[in-house]
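Written out below as structure tokens is the structure these notes cover.
Letters A, B, ... mirror the listed sequences (proteins, then strands); counts begin at 1. Model, not experiment: these values are computed from the prediction.
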Amino acid sequence: MPSFQTTPGTRDILPPDAARWRGFVEKFASVVSLAGFQHIVLPMFEDLGVFQRLGDATDVVTKEMYDFVDKGGRHVALRPEQTAGVCRSYAQHRPTAPWKVWYGGPNFRYERAQHGRYRQFDQVGVEALGSDDPLLDVEVIALAVEFFQGLGLRNVVLHINSLGDSGDRSRYVDALAQYFEGHLAELSPESVATLQRNPLRVLDSKRENEQSVVSQAPSISSFLSDEAASHFAQVKQGLDALGISYVVNERLVRGLDYYCRTTFEFQSTALESAQTAVGGGGRYDGLVEDLGGPATPGIGFAIGLDRTLLACDAENVFAHPSTRADVFVIDTTGGMQALQLCQQFRNVGLSSERTYGARAMKAQMKAADKSGASFAVIIGTDELSQGVATVKSMVDGHQEEISLESVVGHVAAQIGKVIS
RNA sequence: GUGGGCGUAGCUCAGUUGGUUAGAGCGUCGGUUUGUGGUACCGAAGGUCGGGGGUUCGAGACCCCUCGUCCACCCCA
């Protein structure tokens with residue numbers, strides 16, 4: 001007898017959590033819509049090559065890709081994130097710039113699951129293509145800040161950095177490699193291996209015993225070109241002008257190779273676990289061109305649903321939405337009355353529930369109580385023979401008989417009073 | 001991928017140095033006479049003790065393998 005459960009790193013989002021997820025995405029949509037970002041829906045899998053542009057030195061590409069060959073012999077992969085897909089879409093359809101879009105949905109990375117880290121994980125995010133204005137960077141960052149605040153989060157810290165242009169970046173990587181080569185003895189074997197692949201990533205190490213060698217590494221700031229430095233300065237001025245607080249973190253190197261100039265990350269200080277980054281993003285001025293499109297600057301961010309909701313739990317904000325029913329119909333005459341009355345209540349916009357099967361009056365009352373309904377409408381044999389229904393307030397217990405024809409209107413009026 | 005912790009009812013967990021028909025709380029369902037909820041009381045259903053092999057007269061407890069899960073590294077959201 002086979003029994004199944006979800007595959008590692010995946011899980012069911014059950015009620016009432018799923019409703020909270022939906023509320024999360026709706027809130028995000030409303031925040032970014034005010035800034036002119038429009039919804040885009042992308043394929044969940046694409047040609048593997050699209051994602052390889054994320055950088056062949058990144059773990060996301062080298063070991064976490066969910067890739068496979070389809071029946072037509074195409075080598076495709078489940079998307080590990082959505083920025084590459086947006087850029088591919090831009091290159092394919094050539095919309096007029098600036099193109100400002102938002103998205104939500106699942107991404108896939110093959111890695112060991114952990115608190116706040118899953119193989120299938122949801123993100124919401126925005127991308128703005130077609131402008132390298134530093135004030136666009138500011139606006140994009142401000143949207144994320146706005147959203148976190150809107151959820152009620154207070155303990156989210158914004159870290160920003162600039163990785164400069166590609167020339168700055170490669171000169172910095174060389175200097176970094178040279179520095180670490182001179183301190184190999186102080187590095188862990190893992191970091192030595194990382195150094196071979198991507199010297200920037202060594203800065204990410206969380207190992208206690210190499211923190212000092214990492215903290216004394218050269219900083220990116222002294223390698224920035226005049227243009228990149230000026231861009232970064234304007235971003236900071238813009239953030240200051242909006243009153244957005246931030247920490248300049250010169251060790252902030254993000255995991256995807258396409259980033260240049262502005263990069264940022266949001267860290268929750270309310271989370272105890274190792275996964276404290278609730279969102280992050282940056283500028284990727286070369287990505288659209290890499291994907292075969294015209295040279296197009298771009299910037300965006302993604303926010304992780306799971307982690308952000310964990311942060312909400314930790315801060316006790318953004319509670320689950322209410323699932324209270326308006327009316328509960330109790331029918332001890334067989335259920336046909338409940339069937340019809342529930343329908344009538346729903347037709348006037350009231351949520352109505354009932355029990356199924358021939359349950360005792362008491363059992364139905366208990367169910368009514370559990371549903372949180374403000375009113376119970378009771379039809380027993382007495383009511384049925386007189387053509388009335390008993391309307392009972394579940395709040396104060398008061399009840400009265402109302403004719404069957406006017407019971408829906410009566411209850412609707414009563415609930416209207418309660419709401420106003 | 002590496003290392004460690006943990007897998008007993010739907011959920012949270014007890015199960016003494018291996019020893020009769022595996023327990024509790026919560027939840028679910030039913031009842032406490034005549035048709036009425038939150039409390040209380042009574043009762044019921046529900047478990048191949050993750051799976052497989054082994055040791056033993058006897059294994060939920062011990063050993064091995066395996067799967068799952070959690071945590072850390074790694075990486076990132």
Students often get this wrong, so: under 4.0 angstrom with heavy atoms, is A/Phe266 touching a base, only sugar-phosphate, or nothing? nothing

Readout for nucleotides 35-47 of chain B: B = base within 4.0 Å of protein heavy atom, S = sugar-phosphate only, - = neither; 5' to 3' it is BBBB---------

Please determine, by modelled atom types, if A/Ser406 and A/Ser403 share a side-chain donor-acceptor pair under 3.5 angstrom. yes

Can a side-chain donor-acceptor contact be found between A/Thr6 and A/Arg11 if the only test is distance below 3.5 angstrom? no

Quiz: residues 36-52 of chain A side-chain donor-acceptor pairs under 3.5 angstrom, not counting sequence neighbours:
unit_1, atom_1, unit_2, atom_2, d
A/Glu46, OE1, A/Arg88, NH1, 2.8
A/Glu46, OE2, A/Arg88, NH1, 2.6
A/Asp47, OD1, A/Gly49, N, 2.8

For A/Arg324, the side chain to side chain donor-acceptor pair (under 3.5 Å) test, sequence neighbours excluded, returns none

Side-chain donor/acceptor pairs under 3.5 Å, residues 387-398 of chain A, sequence neighbours excluded:
unit_1, atom_1, unit_2, atom_2, d
A/Thr390, OG1, A/Glu383, OE2, 2.6
A/Ser393, OG, A/Val395, N, 3.2
A/Ser393, OG, A/Asp396, N, 3.2
A/Ser393, OG, A/Asp396, OD1, 3.0
A/Asp396, OD1, A/His398, N, 2.9

Acceptor/donor pairs from residues 283-290 of chain A side chains to any protein atom, 3.5 angstrom cut, sequence neighbours excluded:
unit_1, atom_1, unit_2, atom_2, d
A/Arg283, NE, A/Asp137, OD1, 3.1
A/Arg283, NE, A/Asp137, OD2, 3.1
A/Arg283, NH1, A/Ser131, O, 3.2
A/Arg283, NH1, A/Asp285, OD1, 2.9
A/Arg283, NH2, A/Ser131, O, 3.3
A/Arg283, NH2, A/Asp137, OD1, 2.5
A/Tyr284, OH, A/Glu127, OE1, 2.5
A/Asp285, OD1, A/Gly298, N, 3.2

Mind pulling the stems RNA chain B is in, i.e. runs of at least three Watson-Crick or G-U pairs, everything under 3.5 Å? B:1-7 with B:67-73, B:10-13 with B:23-26, B:28-32 with B:40-44, B:50-54 with B:62-66

Taking atom CD of A/Gln178 as the centre, report whether more than 12 heavy atoms of other residues, nucleotides or ligands fall under 6.0 Å from it. no

So A/Glu81, base contact, sugar-phosphate only, or nothing? Heavy-atom distance under 4.0 Å. nothing

Taking the six-membered ring of A/Tyr110, is the NZ or CZ of A/Arg119 close enough (under 6.0 Å from the centre) and on axis enough (within 45°)? yes

Residue met sooner reading RNA chain B from 5', once A/Arg119 and A/Gly9 are mapped to nucleotides: A/Gly9

Within the pair A/Arg201 and B/C76, is there a side-chain N or O less than 4.0 Å away from OP1 or OP2? yes

If you look at every strand shown and take non-hydrogen atoms under 4.0 Å, does A/Arg11 touch a base, only sugar-phosphate, or nothing? nothing

